[in-house]
Amino acid sequence: MNFRVPLFSVTLLYYCVILFFNVSLVLLIVLDVNLHEPMYIFLSSFCINALYGSTGFYPKFLSDLLSSSQTISHEGCLLQAFIMYSSVCCNSSILAVMAFDRYLAICRPLHYHSFMSKRRLSQLVCFSWLTPLCIFAINVVLTARLKLCGTKIQRVLCLNWLIVKLACPEAVPNNIIPYAILVIYLSHWLFIIWTYMHLIKTCARSRDDRLKFMQTCVPHLTSLIIFLIVMAIDPVYMEFGSRDLSQTLQNLFSIKFLIIPPVMNPLIYGFKITKIRNRILGLGKM
C-alpha cells in the first residue's frame, strides 16, 4: 500500500501494452484479406481471449489501487472468478484447435481445404469459446449457492477455489464438476501431444515440411510451453512451496497468467509468422 501510485502507473502502462499488442494483431488480421485463413482466425481468437481475461482483472485492480478499501461484491467476485477460469480454459481450447489446424495443414495437406471449410472453422471457434463458458457458468452457479462464513480473499483477484475456501464447512457439497473439468482439459492436452507427435514425425521426412513447422508450429509450441509453465507454478507452489512466502509473491503467483501470456503471445506470433511480420514491417515503412 506504500507504493500505490507507482504500482498504479506501472499497471496502467502494462494494461495499455496488452491492449495495444492484442488489438493491433486482431485488427491486422481482420483488415488484411490475405490473413483470412484458419490459422490467423484462431490467432485472432487467441488475442481476443487475452483481452477478455485481462479486462476481467486489470480495471478492478487499478480501481482498488486508488481506493482506500479494497472490496468487491459477492456477484462481482463470482463474475471475476468466471472470467478468470473461462479465459484460462478457453486458452487451452484454442491451443488445441490450433494444434489440430497445424496437424491437418502439414500431415493431411490434400484434405486440408476440403475439411477446413468456413462452416468447420466457425464450429471450431465456437467450440473453443462455448465449451469453457458453459462449463464454468455451471461451476459458478454452484459456487454462488454456497453459504459463506468468511469475507477475506487472500489474493488480489477472485478465483473459484478461494471463494469455496470461504464457504461454511457444512455448505461445501461433493460434486463432480471439478473432476469433469480436469478430464476435459486433460484430454485437450493429450490431444495436443498426439498432434505434435505426428507433426514431428511427418516434418522429419521433408525439408519443406520442416520449414513450415519452423514458421507456423514453433510459435504455437512456444505459446504452449509458456502457458504450461505459467499454469504449473501455482499448483506446485500450493503443494510444495513455503507457507511463509510474502503476500506480494503470492499475489504475483496468482496473476502470472495475466502478466506473461497476454504480452508474449502477440510478440511471438507477430515476429515469427512470416506473413504477419511482413505486414507489420510494411506498415512501419508507410
Side-chain angles (χ1 to χ4, degrees), residues 1-23 49-91 132-133 136-173 177-178 230-231 233-239 241-263:
M1 297 306 295
N2 295 328
F3 302 97
R4 281 197 298 176
V5 173
L7 186 56
F8 175 86
S9 303
V10 171
T11 304
L12 179 60
L13 177 62
Y14 197 76
Y15 181 48
C16 290
V17 169
I18 290 172
L19 292 176
F20 175 75
F21 282 172
N22 287 280
V23 170
N49 182 54
L51 294 169
Y52 164 67
S54 300
T55 303
F57 168 72
Y58 284 100
K60 178 65 174 73
F61 180 60
L62 287 166
S63 69
D64 282 344
L65 289 171
L66 297 179
S67 174
S68 57
S69 64
Q70 291 69 45
T71 60
I72 188 169
S73 67
H74 185 215
E75 295 79 11
C77 196
L78 289 166
L79 176 62
Q80 189 177 64
F82 169 75
I83 293 172
M84 295 301 101
Y85 277 91
S86 58
S87 175
V88 167
C89 289
C90 188
N91 225 34
L133 290 176
F136 285 101
I138 297 169
N139 200 37
V140 166
V141 167
L142 292 174
T143 303
R145 298 173 65 182
L146 297 176
K147 181 183 177 182
L148 303 184
C149 286
T151 59
K152 186 174 175 63
I153 294 283
Q154 295 292 336
R155 302 291 169 92
V156 290
L157 79 169
C158 289
L159 297 172
N160 196 67
W161 68 271
L162 290 170
I163 301 171
V164 172
K165 279 182 70 175
L166 298 177
C168 304
E170 68 276 6
V172 181
I177 297 293
V230 163
M231 295 314 299
I233 290 174
D234 215 25
V236 169
Y237 161 71
M238 288 169 61
E239 187 66 28
S242 169
R243 296 294 181 264
D244 299 326
L245 203 63
S246 71
Q247 185 65 47
T248 301
L249 287 177
Q250 289 184 47
N251 288 334
L252 280 173
F253 279 166
S254 65
I255 63 169
K256 75 281 178 199
F257 67 96
L258 296 164
I259 297 174
I260 302 170
V263 168

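Please read all numbers here as calculations on a predicted model, not as lab measurements.
Of the possible donor and acceptor atoms, none in the side chain of Ser54 sits under 3.5 Å from a partner among the backbone N and O of Leu51. No donor-acceptor distance shorter than 3.5 angstrom exists from the side chain of Thr55 to the backbone of Tyr52, with no hydrogens or angles considered.
Using a 4.5 Å heavy-atom threshold, the side chains of Phe57 and Ile83 count as separate. In this structure, Met231 and Asn91 have side chains that are not in contact, with every pair of non-hydrogen atoms separated by 4.5 Å or more. Tyr14 places none of its side-chain heavy atoms less than 4.5 Å from the side chain of Leu258. Side-chain atoms of Ile163 and Leu146, non-hydrogen and from C-beta on, never get closer than 4.5 Å to each other. Looking at Asn139 and Tyr85, their side chains never come closer than 4.5 Å, going by heavy atoms from C-beta outward.
Note that CG of Leu7 and CG of Leu12 are 11.0 Å apart. Values are rounded to the nearest 0.5 Å. Taken from CZ in Arg4 to OG1 in Thr11, the straight-line distance is 13.0 Å, to the nearest 0.5 Å. Here the CD atom belonging to Gln70 is positioned 13.5 Å from the CD1 atom belonging to Ile153, to the nearest 0.5 angstrom. Leu159 CG to Gln154 CD: the interatomic distance, rounded to the nearest 0.5 Å, is 12.5 Å. We find the SG-CG distance between Cys77 and Leu148 to be 9.0 Å, quoted to the nearest 0.5 Å. To the nearest 0.5 angstrom, Ser9 atom OG is 9.5 Å from Leu65 atom CG.
The nearest pair of heavy atoms linking Ala137 to Phe82 is N-CE1, 3.4 Å. Nearest heavy-atom pair, Asn49 versus Ser87, reported as atom, atom and distance to 0.1 Å: ND2-O, 2.9 Å. The heavy-atom pair separating Arg155 from Asn251 by the smallest distance is CA-OD1, 3.5 Å. Contact between Lys256 and Pro261 at its shortest, heavy atoms only, is O-CD, 3.7 Å. Pro132 approaches Ser86 most closely through the heavy-atom pair CB-O, 3.7 Å.
Taking the six-membered ring where the residue is Trp, Tyr58 and Tyr15 present parallel rings, their angle staying beneath 30° rather than reaching 60°.
Identified under the salt bridge (Lys or Arg N to Asp or Glu O under 4.0 Å) test for residues 49-70, with sequence neighbours left out: Lys60-Asp64.
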